[in-house]
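Read the structure below first, then the notes.
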There are 2 protein chains.
Amino acid sequence: MTGARRKTDSGYARGEETRARIIQVALALFGEHGFDGVSTRDIAAQAGVPAPSLQYYFDNKEGLYAACIADVQASAMNAVGPALDNLERLLASEASDNQLIDGYCAVLESFADFLFASPDAARRALFIKRRIMPMKSALMPREQWAKGPGARLHNCCIGIIARLSGGSTSEEESRMTAVAINGQLLTFHFSRDHLDYVLGYDEITGDRLAMLKRIVRRQTTLVFKGLKRPSKPQR
Amino acid sequence: MTGARRKTDSGYARGEETRARIIQVALALFGEHGFDGVSTRDIAAQAGVPAPSLQYYFDNKEGLYAACIADVQASAMNAVGPALDNLERLLASEASDNQLIDGYCAVLESFADFLFASPDAARRALFIKRRIMPMKSALMPREQWAKGPGARLHNCCIGIIARLSGGSTSEEESRMTAVAINGQLLTFHFSRDHLDYVLGYDEITGDRLAMLKRIVRRQTTLVFKGLKRPSKPQR
DNA sequence: ACACATTTTTATCGAATGGAATAAATGTTA
DNA sequence: TAACATTTATTCCATTCGATAAAAATGTGT
């Protein structure tokens, strides 16, 4: 936690609750309106605290934003970490192609749950989508990204492509192919603003989420199998 | 043009040039920082006009934003309209499955050119990505979207899915499947902020753009063929 | 050249913003 | 209970913001 006046190693439980409440409110508001579209007063009012509490807990608006990032990262890793762990184990072993593909689809499914399964999920996901930082370095630092769930997903996909194609696909093409493969699911997240236009509804839960998972699994499997080495030499 | 003090039916050429210059600057700045992250003074300074010129030409900040939207919509339709026209003709005729798939991939390729082929393209595309409006109705009205290139692409994809599957895919599943198919390309656009992280470079031009097109065509073709009615009954 | 139209410019406004400083209220522990 | 720690709340600041009104400058047509 950057520069806040509050000390984390000796705080009261009440302060911890207030801090968490502020973060949840900020997540929702930043997610809906972006960093610059929300004032510290907006956040404070909705969290039921006076505005200077934000300086007390987070030092400044950017510190609050950074705390939101950390919160979302943690919950994402919580949600998709186990499936990623399993897939990374498969990749490090002599697993069959079908096991790899199946493990990969399981990871995508855990991502889908994280992104869509609940209102809380939607709030976090919307925050992820609306990442606009007030500095030139609007992005997560590369090293931080490299430890996050998105990077691990990407790297696993590259690994599977290399396995399936027997090394005949260039590193560059593998990277691009991985982005395209994952785009089948991620595009639903990126398109949240107008899901109602393309799907006729804007919440993907229950049966709809199951359908989404089925579609993504089918298409991902098709694409992976199309990459297998002994397949269609003219491809 | 909404409510501006300037009259379009009787303006000078000089005014037209100034207006266009303001729009191009605003596109770039809004695309980079979002609506709330850019002040009217920022835009005016970079366009080389005093701030009240924005009120003169566009009535207010939102009017300028709306003009930017209109500009991007027009250029998108310019870029992808011909390929969409052709595909819609194919869909209205007895074209073969391969002709449909090929026509669809041609449309995706024209989208890729629009999104990535030039610095101007990147500016426009970044603006599209950062659509945050200052009102609750942050979105393009549904009727306006329905006339845009994204909607036409989506509807063509649904049409092709219906054709290939012989009507055995539900309307709801077709819609979702279409989003996933198009996500293979669109995700590159949505991920522009961190393309450097996933690909190792952040400009997709020249050979890289050709590779992207090849990958998208290959995967889209695989997925469409996987939808064909007489294929794999156990699928 | 002059009258009129359009565009640019200057000066100003009220409101909102992120934040600082300080005091008051509440919690914890001996 | 009192001393100390933490948290909450009030007051205030300087700056920035979108926008208005009016004047000055420039363009157009007769």
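So that the names make sense, note that chain A is the first sequence line, chain B the second, and so on, each numbered from 1.
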Filtered N/O pairs between nucleotides 22-24 of chain D and protein, under 3.5 Å:
none

Salt bridge (charged side-chain N to carboxylate O under 4.0 Å, His left out) contacts in which one or both residues fall within residues 44-55 of chain A, not counting sequence neighbours: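 Salt bridge (charged side-chain N to carboxylate O under 4.0 Å, His left out) check on residues 44-55 of chain A returns no pairs.
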Taking salt bridge (charged side-chain N to carboxylate O under 4.0 Å, His left out) as the cut-off, I'd like each qualifying pair that reaches into residues 145-155 of chain A, sequence neighbours left out, listed once.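 As it turns out, the salt bridge (charged side-chain N to carboxylate O under 4.0 Å, His left out) pairs with a partner in residues 145-155 of chain A, which skip direct neighbours, are A:D85-A:R152, A:E88-A:R152.
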Listed partners of [X] passing side-chain contact (heavy atoms from CB on, under 4.5 Å), at least two apart:
{"X": "A:R41", "result": "A:S39, A:A51"}
{"X": "B:Y56", "result": "B:R5, B:R6"}
{"X": "A:P82", "result": "none"}

Could you list the protein-to-nucleotides 26-29 of chain D atom pairs, N/O on both sides, closer than 3.5 Å?
residue, atom, partner, partner atom, Å
D:dT26, O3', B:R14, NH1, 3.2
D:dG27, N3, B:Y12, OH, 3.2

Whichever of A:P50 and B:D42 has its nearest DNA chain D nucleotide further upstream toward 5':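 The answer here is A:P50.
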Parallel under 30°, tilted from 30 to 60°, perpendicular over 60°: which one fits the rings of B:Y197 and A:W145?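 Ring orientation, 0 to 90° scale: tilted.
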Integer-rounded Å distance: D:dC17 P and B:K61 NZ: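 Distance, rounded to whole Å: 8 Å.
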Can you tell me how far P of D:dA9 sits from OH of A:Y56, to the nearest Å?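 After rounding, the reported distance stands at 13 Å.
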Anything under 4.0 Å to a heavy atom of chain B counts; send over the first and last such nucleotide of DNA chain C, read 5' to 3'.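 Taking any atom under 4.0 Å from a heavy atom of chain B, the span is C:dA5 to C:dA11.
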Those residues that, when tested against [X], pass side-chain hydrogen bond (donor to acceptor under 3.5 Å, both in side chains) (two or more places apart):
{"X": "A:D71", "value": "A:R124"}
{"X": "B:D202", "value": "none"}
{"X": "B:D113", "value": "B:K213"}
{"X": "B:E203", "value": "none"}

Would you indicate what A:S53 reaches in the nucleic acid, counting non-hydrogen atoms under 4.0 angstrom: base, sugar-phosphate, or nothing?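 No contact at all - A:S53 keeps every heavy atom at 4.0 Å or more from the nucleic acid.
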Between A:T18 and D:dT8, is there a side-chain N or O to OP1/OP2 distance below 4.0 Å?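 So the side-chain polar atoms of A:T18 do come within 4.0 Å of the phosphate oxygens OP1 or OP2 of D:dT8, strictly under.
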Report yes if the side chains of A:V38 and A:Y65 come closer than 4.5 Å at any heavy-atom pair, otherwise no.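 They are not in side-chain contact.
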